[in-house]
Amino acid sequence: MDLDLSPEDRAFRDEIREFVADHLPPAVKRRVMEGLIVTKQDSQDWQALLHARGYGAPSWPVEHGGTGWSSIRNYIFEDALVAGGAPMINVFGVKLVGPVILSYGSDAQKAHYLPRILSGEDWWCQGYSEPNAGSDLASLRCAAVRQGDDYIVNGVKTWTTHAQHADMIFCLVRTATSAKRQEGISFLLIDMKSPGVTVRPIITIDGGDEINEVRFDDVAVPVANRVGEENKGWTYAKLLLSHERLMIADVPRSKRLLARLKSIAASEQSGGRALIEDVRFAARVAALEIELMALEYTTLRFIAATDAGDEPGPLVSMLKIRGSEVQQAITEATMEALGHHALPYIPEALIDGWNEDPIGPDYAAPVGPRYFNARKISIYSGSNEIQKNIMAKHLLGL
Ligand SMILES: Cc1cc2nc3c(=O)[nH]c(=O)nc-3n(C[C@H](O)[C@H](O)[C@H](O)COP(=O)(O)OP(=O)(O)OC[C@H]3O[C@@H](n4cnc5c(N)ncnc54)[C@H](O)[C@@H]3O)c2cc1C
């Protein structure tokens, strides 16, 4: 394939860049670019702006508010947004549960949930993992027992990202224990305001509170909120996981982090000159950039193949592994570029508007937390070890 963008695609990229430059509030852009805390409101407002322009969920079918763009154009769009400093939207809604509802949801579910995802009105979270059911997800035990027109749900989900902000959670629940484990799982859409739902924060190594434990105690969920057939949830869950792993190569974000690394290395000093001029450090940055370019070309090749009708398949695992390694390596080099100034942890310094004197340069505070936070990338959405198992089995036939 030709990896250069066509003149039409270049024009499209410029149009999106212009849209971001014209519409993204400068304060939000600064928070994103400087690694400060971005609020739910920032993301929801941005989603509303995207939606108003018809960009709310570009990859969805046109009749449900999508754009009909090719996958390459979706990638260019994403890349231009991230490079321009746009905040993350609610991926759990737009990119994960949205496609599942589109493929397997009832007409009523499509009519109710999809417009609310597009507009940013509903914020979703993902209830797959449980204590003792992470890598071995099929052993999940959160139970849904049918009682008239409801399921009564009891159990615990864990590591649930942004549950504290969510209006809705999509959950895998056990609806049968007699059959093969994968055949007794159903896919439920649960209102987080339902009586019996409790959210408890889990503080991560970077000091953040993005993940949670979610408990269900006798939570009544209408049967109408089940996606597809009872006990067929595993099939729907797998579709979602392949979308999740595809996103995770996250080349656009790594490009933004690399640009940040270069700017920090240009400001830091080593042996009387800018660190970026130190031959060994410059070689390290160059090696990271080459890795990232290779990953981007691999991603583009992969996207072109799926556009041509190929199934994503186990190669997604390769992108997930490499993407997480590159992103972690960039945050590690950034931490080292900053040296001892990366050590102090001042949570308030991550909040826009904090006006105390920073310890070290004013760009220092987010570097340590970002390094620690990035450790998660090789764990979530199927750990890298599990991805290697998948590749060994399905690509190498081991
Ligand atoms: C920051 C963060 C956010 C998350 N957000 C969500 C979310 O929003 N919703 C959600 O449902 N889940 C979420 N997760 C959960 C995530 O998907 C799980 O952590 C992941 O699947 C691993 O499961 P586990 O934590 O139970 O680890 P375990 O499965 O207990 O694994 C522990 C270690 O053993 C290794 N291991 C396990 N089995 C094998 C094997 N067969 N072969 C080789 N090595 C193996 C693993 O690679 C890992 O290193 C999140 C996790 C993190 C860290």
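All values derive from a computational prediction rather than experimental measurement. Both counts, for ligands and for their atoms, begin at 1 and track the order of listing.
- Side-chain contact between Leu319 and Arg322: absent, with no pair of heavy atoms (C-beta onward) separated by less than 4.5 Å.
- Protein heavy atom nearest atom 42 (N) of ligand 1, with residue, atom name and distance: Asn389 ND2, 3.0 Å.
- Using a 4.0 Å cut-off to heavy atoms of Glu385, the atoms of ligand 1 that qualify are 43 (C), 44 (N), 46 (C), 47 (O), 49 (O).
- Close contacts of ligand 1 with Ile211, meaning ligand atoms under 4.0 Å from a residue heavy atom, involve 1 (C), 2 (C), 3 (C).
- Heavy-atom contacts of Ser383 reach the following atoms of ligand 1: 46 (C), 47 (O) (cutoff under 4.0 Å).
- Of the listed options Ala392, Gly134, Ala166, Ala133, Gly134 places a heavy atom closest to atom 26 (O) of ligand 1.
- For a threshold of 3.5 Å applied to N or O pairs, the pair formed by Lys376 and ligand 1 contains no separation below that value.
- There is no protein heavy atom closer than 4.0 angstrom to atom 35 (C) of ligand 1.
- Thr158 places a side-chain heavy atom less than 4.5 Å from the side chain of Ile202.
- Note that atom 38 (N) of ligand 1 has protein non-hydrogen atoms nearby, at separations under 4.0 angstrom.
- Atoms of ligand 1 lying under 4.0 Å from any heavy atom of Tyr128, numbered from 1 in the order shown and given with element: 11 (O).
- For ligand 1, the atoms closer than 4.0 angstrom to any heavy atom of Ser381 are 17 (O).
- Looking only at protein heavy atoms, the nearest one to atom 20 (C) of ligand 1 is Ile379 O, 3.6 Å.
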Asp217/Arg215 under salt bridge (charged side-chain N to carboxylate O under 4.0 Å, His left out): CA gap, chis, key distance, verdict: CA-CA 6 Å; Asp217 292 301; Arg215 287 190 64 88; 3.4 Å; yes

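- In terms of polar-atom proximity, Ser135 is counted as a contact of ligand 1, with an N or O under 3.5 Å from an N or O of the ligand.
- Ring centers of Trp124 and Tyr113: under 6.0 Å apart, within the cut-off.
- For ligand 1, the atoms sitting less than 4.0 Å from at least one non-hydrogen atom of Gln126 are 7 (C), 8 (O), 9 (N), 10 (C), 11 (O), numbered in the order shown with element in parentheses.
- When the side chains of ILVMFWY residues are joined at heavy-atom separations under 4.5 Å, either directly or via intervening members, Leu295 and Leu395 end up in a single hydrophobic cluster.
- For atom 8 (O) of ligand 1, the nearest protein heavy atom (residue, atom name, distance) is Thr161 N, 2.9 Å.
- Side-chain contact of Thr175 with Asn231: a donor-acceptor pair under 3.5 Å is present, judged by distance alone.
- Heavy-atom proximity to atom 7 (C) of ligand 1, evaluated over Phe170, Tyr380, Trp159, is greatest for Trp159.
- Counting heavy atoms of neighbouring residues, nucleotides and ligands inside a 6.0 Å radius, atom CE of Met33 exceeds 12 of them.
- Taking the six-membered ring for Trp and the full ring otherwise, the centers of Phe19 and Tyr55 sit less than 6.0 Å from each other.
- Within the listing of ligand 1, atoms 38 (N), 39 (C), 40 (C), 41 (N) sit less than 4.0 angstrom from a heavy atom of Ile386.
- Counting only heavy atoms of the protein, atom 11 (O) of ligand 1 lies nearest to Ser129 N, 2.7 Å.
- Atom 30 (O) of ligand 1 lies below 4.0 Å from none of the non-hydrogen atoms of the protein.
- Counting only distance, with no hydrogens or angles, the side chain of Asp122 and the backbone of Ile117 share no donor-acceptor pair below 3.5 Å.
- Between the side chains of Ser324 and Asn384, at least one donor N or O sits under 3.5 Å from an acceptor N or O.
- Crowding of Asp149 atom CG: a count of heavy atoms from other residues, nucleotides or ligands under 6.0 Å not exceeding 12.
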